[in-house]
Amino acid sequence: MKKKHLAFTMAVLMMLPSLPVSASGDEMEDVNTNVYQVDLPMNTDGIFDFILDPQGLINKTDAAAYNGKKFEKDSTVFFKRTDGKAKEDYSSASDHVTIVNKSSMPVNVSLNIKVSEDFTDRITLAGKKKSKKDTKASLYLALKDKDREIPIGRDGLSLDVTVDAASDGAYEYSYDKKSEKNIYKLKEDISDIRFGEYSFQLTGAANGKDGWTKLGDIVPKIKVDWKVSPKEGTEKRKDAMLEGELEPAKDAETGEIGDKTENDTVQDVLDKAENKEEKAVEKEEEQKEEESKAPSIAKNEYTVSAGNPVSVEVDLGSSDMVAAKVVSVKRKGTDEELLDVSDEVTYKDRKIVFGKEWVDKSLEDKESMPASLIVTFDDVNTTKVEIVLKK
């Protein structure tokens, strides 16, 4: 079986608006507190190349053709692993691509994944790893991150993700002697700082049904593009709050400029501002806790009957815990995504609807009922709620 070489491209958009924030004091110069610093993955060439083995010949022959390399059992698509996060040399999921945000503001990551049309015209892209409907050759490819696994369809996959800014305390004010200006920069010691990150990988599986010979020399090509850009409209950070003047002091004897204010050190100024802000923040947080409400579902059990859809109403919550939508519906204990995969399970207008086709198939399959399902929301806490559908 030939190794499939996938096209991989990367596009990064780095746009940094200049939005200076001034501290109080007539002689205080403007200091830009919007610092854009994102660590992007390196050496990504070939990261999504994979070996396609729908008949499972590699495991049947103990990988004799691969000099004793370890391959994941029961897999039919193999990515070479080099990131140390898999016990095998080749597994059904690729190395992780990780974007680390060290900026003072959140950033938006836009992902676009596309499978070549000449391949999708010949072989079906499946919505599940395994399905009773798969009677011909099909390939399952999906994006996988810590919260979800999203199949890549004929039209590709587009996804926007917000990556949090560096935690408060990551940045500080200091005086730059060379430019004779006050600057706002990342601390030298960042060992205790939490940085937001987004990590994803590709995963896949192929069935062994007849039809692979029709491919000829056509191989799947995947194009993965991502763009990273600052998120607009973010609030000022705590460590960017400053009251009083931040002017450099001169040594009384030498006259040289130092890195302190005339009366207080930079840290003293920041501490005074922080103490004042802490009380306001505590009060605001108390009010938010009283108003906030996590997403929920009123009923946890629903009775189904043949030929009838089931509608499940959801509450998206409120305040800073509000969710925009339901992002996933999976059977408990599995990675099988039900939502929108075949339009049999859908979410719209705060309702999850299990169509009559899905209900009928589940009732016919004795092992599918009762169905314990995990519903996941896209709120800040990624709230998960369990519901049960039964006869």
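Computation of the quantities below employed the complete heavy-atom set of this structure, encompassing side-chain atoms and omitting hydrogens, waters and symmetry-equivalent molecules. Fair warning: this is a prediction, and the values are worked out from it, not measured in the lab.
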Please name all residues satisfying side chain to side chain contact (heavy atoms under 4.5 Å, CB included) with [X], sequence neighbours left out, ordered by chain then number.
X	result
Ser362	Arg331, Trp358, Ser368, Met369
Ser372	Lys332, Glu386, Val388
Ser199	His96, Thr98

Task: Distance (rounded to the nearest 0.5 Å) between Lys231 NZ and Thr162 OG1 - done: 3.5 Å
Are any of the side-chain heavy atoms of [X] and [Y] separated by less than 4.5 Å?
X	Y	result
Lys330	Leu338	no
Lys221	Val115	no
Ile113	Lys223	no
Val38	Val107	yes
Ile152	Leu202	yes
Ile99	Pro41	yes
Val109	Asp160	no
Leu143	Leu111	yes

Under a 3.5 Å distance rule, please check whether [X] uses its side chain to pair with a backbone N or O of [Y] as donor and acceptor.
X	Y	result
Thr61	Ile58	yes
Ser318	Lys293	yes
Asp95	Thr82	yes
Glu337	Leu339	yes
Ser311	Val353	no
Asn300	Ile387	no
Ser75	Val77	yes
Asp176	Lys181	no
Ser104	Val35	yes
Thr76	Asp53	no

Task: Intermediate values then yes/no, side-chain hydrogen bond (donor to acceptor under 3.5 Å, both in side chains), Asn207 and Ser138 - done: CA-CA 6 Å; Asn207 70 21; Ser138 66; 2.8 Å; yes
- [ ] Decide if the gap between the ring center of Tyr66 and the ring center of Phe71 is smaller than 6.0 angstrom.
- [x]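 When the ring centroids of Tyr66 and Phe71 are compared, they turn out to be within the sub-6.0 Å range.
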Task: Asp83: partners by salt bridge (Lys or Arg N to Asp or Glu O under 4.0 Å), with sequence neighbours left out - done: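 Counting only residues at least two positions away or on another chain, Asp83 forms a salt bridge (Lys or Arg N to Asp or Glu O under 4.0 Å) with Arg81.
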Open item on the list: Checking Glu367 now: which residues fulfil salt bridge (Lys or Arg N to Asp or Glu O under 4.0 Å) with it, not counting sequence neighbours?
Closed with: none
Can a donor-acceptor pair be found between the side chains of [X] and [Y] at a distance below 3.5 Å?
X	Y	value
Thr383	Asn381	no
Tyr184	Asn32	no
Glu72	Ser92	yes
Asn112	Ser110	no

ILVMFWY network linking [X] to [Y], side-chain heavy atoms under 4.5 angstrom:
X	Y	result
Val314	Met321	no
Phe48	Leu139	yes
Val161	Phe377	no
Val345	Ile374	no
Leu157	Val327	no

TODO: Kindly confirm or rule out a cation-pi arrangement of Lys102 over Phe195, judged by NZ or CZ under 6.0 Å from the six-membered ring centre and within 45° of its axis?
DONE: yes
TODO: Could you tell me which residues satisfy side-chain hydrogen bond (donor to acceptor under 3.5 Å, both in side chains) with Asp74, sequence neighbours excluded, listed by chain and number?
DONE: none
Shortest non-hydrogen contact between [X] and [Y], atoms and distance:
X	Y	answer
Val359	Asn308	CG2-O, 3.6 Å
Leu52	Ala206	CD1-CB, 3.8 Å
Glu149	Pro151	O-CD, 3.7 Å
Ile47	Ser94	O-CB, 3.7 Å

Task: Ion pair check, Lys361 and Glu344, cut-off under 4.0 Å - done: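 Here Lys361 pairs with Glu344 in a salt bridge, since their nearest N and O are under 4.0 Å apart.
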TODO: Can you establish whether the number of heavy atoms outside Lys185 located under 6.0 Å from its atom NZ is more than 12?
DONE: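 Count over threshold, so yes.
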Open item on the list: Taking atom NZ as the centre, does Lys114 end up with more than 12 heavy-atom neighbours from other residues, nucleotides or ligands that are less than 6.0 angstrom away?
Closed with: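 More than 12 heavy atoms, drawn from other residues, nucleotides or ligands, come within 6.0 Å of this atom.
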